[in-house]
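Data block below; observations after.
We count residues from 1, following the sequence as given.
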Amino acid sequence: MTTLDEIVEVFPGLRATALTSVPHTLPVLDTHFPRFPVLPGVLILDTLAQVAAVALGAAGEGPARWGLAEARRIRFRHYVVPGDRMETTVDIAEVTGDTALCTGTVRVDGRPVTTVRALRMARRVPHHAPAASEGAPA
């Protein structure tokens, strides 16, 4: 999992942009691939989902309330390698009930490396542990 280094801009419920550096020390790069390390696409999608959660959460609930439900129409155009700095922008296209449809672009040095035309986010249901009196044997 990658972490967002800096949130550049947020327009609550509409759009967010963040920067993420790809360190040479990321453990997954040891095996993906040893002679030509590249950031796995799933981690790029995770970064897009984090930025979408920031845009959605900024509208009032906080980013932890949103999670990735589906990603479609993804295009990986170029590799992301150690030392790159990703600029991730997500636009919120539609929010209906507990889901949001977003689009996103990841750029490195101004060049698009990944685009997603359909990033569906879902509002997470709060999970609570049952209290001692709820269903636990006495």
Is a side-chain donor-acceptor pair under 3.5 Å present for S21 with D5?
yes
Please check if any side-chain donor atom of T47 sits under 3.5 Å from a side-chain acceptor atom of T2, or the reverse.
yes
Are [X] and [Y] linked, directly or through other ILVMFWY residues, by side chains that come within less than 4.5 angstrom of each other?
X: V95; Y: L101; value: no
X: L68; Y: V116; value: yes
X: L48; Y: V28; value: yes
X: V42; Y: V106; value: yes
X: V90; Y: L43; value: yes

Please examine the side chains of [Y] and [X], heavy atoms only from C-beta on, and report whether any two atoms are closer than 4.5 Å.
X: E70; Y: M121; result: no
X: L19; Y: M86; result: no
X: V81; Y: L39; result: no
X: V113; Y: F76; result: no
X: R123; Y: W66; result: yes
X: R73; Y: R75; result: no
X: E94; Y: I92; result: no

Heavy-atom closest pair, residues [X] and [Y]:
X: I74; Y: L45; result: CD1-CD1, 3.9 Å
X: A16; Y: V51; result: O-CG1, 3.5 Å
X: P112; Y: H78; result: O-CD2, 3.3 Å
X: H24; Y: P82; result: ND1-CB, 3.2 Å
X: L29; Y: P23; result: CD1-O, 3.4 Å

Thinking salt bridges, do R85 and E6 make one under a 4.0 Å N-O criterion?
yes
Separation between CG of D84 and CZ of R111, rounded to the nearest 0.5 Å
8.5 Å
Could you go through the side chain to side chain contact (heavy atoms under 4.5 Å, CB included) check for E9 and R15 one step at a time?
CA-CA 8 Å; E9 69 177 4; R15 174 189 195 124; 3.4 Å; yes
Quick one: which of T114, T20, T88, V22 gives a side chain to side chain contact (heavy atoms under 4.5 Å, CB included) with I44?
T114
Kindly check if the number of other-residue, nucleotide or ligand heavy atoms within 6.0 Å of CG (D109) is above 12?
no
